[in-house]
Amino acid sequence: MIYTEKSKANLDTFTSPVGIAVDRFIAKRQSEFPHATGDLSQLLRDIVIASKIISREINRAGLSGIEGMTEDENIQGEPQRMLDVIAEYRFKKALMNGQQVCAILSEESDDIIETGNHDGKYVVAIDPLDGSSNVDVNVSVGTIFSIYKRVSPQGEPFTKEDFLQPGTAQVAAGYILYGSSTMLVYTTGCGVNGFTYEPSLGEYFLSHPNITQPEDGEYYSVNERDKDEFSRDVKTYLYELKAKKKGTRYVGSLVCDFHRNLLKGGVYLYPATEKYTKGKLRLMYECHALAFITEQAKGRATNGDIRIMDIKPTEYHERTPIIVGSKGLVDEFEDVQKLISFKK
Ligand SMILES: O=P(O)(O)OC[C@H]1O[C@](O)(COP(=O)(O)O)[C@@H](O)[C@@H]1O
Ligand SMILES: [Mg+2]
Ligand SMILES: [Mg+2]
């Protein structure tokens with residue numbers, strides 16, 4: 001067991017020492033809930049298994065020729081990359097074999113994927129490969145997932161209502177970052193923990209216990225390509241951030257930008273633009289999950305009007321504007337809005 005100064009100091013604040021394997025961590029957390037059945041734990045393990053395979057595929061993508069495009073487009077009209085399809089296939093297989101999930105909503109499939117497990121208690125919404133435009137250039141990419149308890153009776157086919165639930169109904173959410181190291185970060189509503197993958201041992205170990213997002217940060221992440229199209233609120237807010245000498249960091253992989261801001265402080269924005277009148281990012285398999293994580297880490301997430309977690313979707317692949325990150329920086333956006341509406 002590796003005890004750093006930090007973990008020695010915080011020994012009494014968290015129940016699991018740095019370095020505990022993710023399987024043990026999941027089991028320990030489950031044991032803290034006397035009525036837990038183990039189904040959610042098993043589902044989390046299924047996601048962990050698939051992510052290990054994808055991490056290997058991504059690491060050697062340049063050698064195995066699985067970089068590059070397919071001839072297909074997804075429902076968003078975006079060209080599908082080989083790795084988008086492979087990542088979806090791996091998660092689908094793992095969740096089907098795991099038998100905890102009755103249906104899957106994926107960015108890469110127009111319709112809901114039925115797993116055939118009618119007894120499955122959960123549904124999963126997943127962005128199998130986030131930031132896929134960065135795969136070919138060896139920049140970090142990710143996977144984002146949200147887990148909901150179904151509202152329809154077990155034993156029967158899933159219903160639309162099983163998916164169209166507000167973010168507050170999530171039982172767990174997380175992401176995997178395939179970067180200089182592969183990391184899993186997730187929450188089940190009791191704080192946020194990060195695990196680093198050790199490929200030679202084939203295991204994730206707790207490396208970032210009880211993540212808390214700093215109240216403020218030095219960076220903001222936004223694609224300024226469309227800045228002339230942003231609303232007055234957003235333009236004024238960006239002007240304020242620049243005036244305060246905040247720097248920009250924009251990788252173009254949401255998981256990557258989000259992760260940096262989660263650990264170091266900062267804010268990520270994808271506002272509405274002329275092309276994306278409702279923002280580009282998808283509510284159910286990008287924004288709900290990251291909003292749950294950021295709130296559990298004391299950050300905030302809004303669509304500019306309401307809390308992302310309170311939005312109840314009406315469509316599977318619906319988009320939303322998003323401003324997510326350090327509490328102080330999101331509060332500042334709302335202060336700008338109040339000022340503008342006051343001046344009107
Ligand atoms: O190129 P843009 O318009 O800035 O968009 C980049 C954003 O789009 C995304 O790539 C969308 O996600 P996918 O790659 O999963 O489609 C985000 O990861 C990223 O933050
Ligand atoms: Mg994405
Ligand atoms: Mg994607």
Side-chain angles (χ1 to χ4, degrees), residues 50-51 54 57-58 61 66-70 72-92 104-110 113 124-146 173-179 185 219-230 234 238 248-262 266-291 293-294 301 308 316-325:
S51 74
I54 295 163
E57 306 277 12
I58 288 171
I66 55 172
E67 280 177 340
M69 316 303 277
T70 68
D72 305 324
E73 280 187 351
N74 63 21
I75 190 168
Q76 347 263 334
E78 292 160 352
Q80 272 183 328
R81 294 166 186 277
M82 295 281 277
L83 271 165
D84 283 321
V85 177
I86 290 168
E88 184 193 60
Y89 174 78
R90 291 290 178 198
F91 279 107
K92 203 166 72 178
I104 304 164
L105 165 64
S106 162
E107 178 192 4
E108 302 308 332
S109 291
D110 302 5
I113 301 164
V124 169
I126 192 160
D127 177 355
L129 200 68
D130 176 68
S132 45
S133 62
N134 278 325
V135 164
D136 306 358
V137 289
N138 205 1
V139 169
S140 303
V141 291
T143 292
I144 309 173
F145 63 88
S146 279
Y175 58 85
I176 297 110
L177 176 60
Y178 311 102
V185 174
Y219 298 113
Y220 64 94
S221 315
V222 67
N223 190 334
E224 304 229 38
R225 170 197 55 214
D226 312 315
K227 69 178 185 304
D228 301 337
E229 302 166 11
F230 295 159
V234 173
L238 293 177
T248 54
R249 287 278 186 281
Y250 190 74
V251 176
S253 288
L254 168 63
V255 168
C256 217
D257 288 311
F258 178 87
H259 186 72
R260 186 197 51 254
N261 293 337
L262 185 69
V267 62
Y268 172 102
L269 305 87
Y270 208 112
T273 64
E274 277 163 20
K275 180 176 177 194
Y276 298 113
T277 52
K278 292 194 178 137
K280 177 184 181 182
L281 302 179
R282 284 53 58 116
L283 178 63
M284 292 211 56
Y285 42 80
E286 289 171 321
C287 301
H288 269 168
L290 300 184
I293 293 165
T294 206
I308 294 278
Y316 294 142
H317 299 279
E318 78 179 57
R319 301 175 191 263
T320 179
I322 186 166
I323 297 154
V324 55

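What you are looking at is a predicted structure, and each value in this text was computed from that prediction instead of being measured. When reading the values below, keep in mind they use all heavy atoms of this one structure, side chains included, and skip hydrogens, waters and symmetry mates. Both counts, for ligands and for their atoms, begin at 1 and track the order of listing.
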Exercise for the section: Apply side-chain hydrogen bond (donor to acceptor under 3.5 Å, both in side chains) to the pair E107 and Q76, showing each step before the final yes or no. Expected result: CA-CA 8 Å; E107 178 192 4; Q76 347 263 334; 4.7 Å; no
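- With respect to L269, the side-chain contact (heavy atoms from CB on, under 4.5 Å) criterion is satisfied by exactly one of I322, N223, V234, D257: V234.
- Summarising the geometry, atom CD1 belonging to I144 is positioned 5.0 Å from atom CD belonging to E286; distances are rounded to the nearest 0.5 Å.
- Using modelled atom types and a 3.5 Å distance limit, the side chains of Y178 and S51 yield no donor-acceptor pair.
- Residue contact check for ligand 1: R225 places a non-hydrogen atom closer than 4.0 Å to it.
- Classification of the Y250-Y268 ring pair by plane angle, with boundaries at 30° and 60°, yields parallel.
- The protein atom (non-hydrogen) at minimum distance from atom 19 (C) of ligand 1 is G252 O, 3.3 Å.
- Atom 3 (O) of ligand 1 has its closest protein heavy atom at Y270 OH, 2.6 Å.
- Between the side chains of E224 and T248, no donor N or O sits under 3.5 Å from an acceptor N or O.
- Ligand 1 has no N or O atom lying under 3.5 Å from any N or O atom of S133, backbone or side chain.
- For the pair L129 and ligand 1, a heavy-atom separation below 4.0 Å is found.
- Residues D84 and P79 come closest through the heavy atom pair OD2-O, 4.2 Å.
- Shown in contact with L254 at under 4.0 Å from a heavy atom are these atoms of ligand 1, numbered in order with element: 17 (C), 18 (O), 19 (C), 20 (O).
- Between the CD1 atom of I293 and the NE2 atom of H259 there is a distance of 10.5 Å, given to the nearest 0.5 Å.
- Vertex the Mg ion (ligand 3); arms to D127 OD1 and E107 OE1; angle rounded to 10 degrees, 80°.
- Distances from the Mg ion (ligand 2) to each N, O or S atom of D130 single out OD1 as the nearest.
- The Mg ion (ligand 2) has an N, O or S atom of E286 under 2.8 Å away, backbone or side chain.
- Using a non-hydrogen distance threshold of 4.0 Å, Y268 registers as a contact of ligand 1.
- Ligand 1 has a nitrogen or oxygen under 3.5 angstrom from a nitrogen or oxygen of D127.
- Within the model, atoms NZ of K92 and CD of E108 stand 11.5 Å from one another, a figure rounded to the nearest 0.5 Å.
- Near Y250, with a cut-off below 4.0 Å to any heavy atom, the atoms of ligand 1 are 2 (P), 4 (O), 5 (O), 6 (C), 7 (C), 20 (O).
- Shown here for S253 and D130, the closest heavy-atom pair between the two residues is C-OD2, 3.8 Å.
- Remark: ligand 1 and G131 share an N or O pair separated by less than 3.5 Å (distance only, no angle test).
- Here L129 meets the criterion, with an N, O or S atom under 2.8 Å of the Mg ion (ligand 3).
- When the heavy-atom distances from atom 7 (C) of ligand 1 to E107, E78, K280, R282 are ranked, the shortest goes to K280.
- In this structure the side chain of F91 never reaches within 4.5 angstrom of the side chain of L129, judged on heavy atoms.
- Every atom of ligand 1 with a heavy atom of S132 under 4.0 Å away is listed here by number and element: 14 (O).
- Considering backbone and side-chain N/O of L281, none are found under 3.5 Å from N/O of ligand 1.
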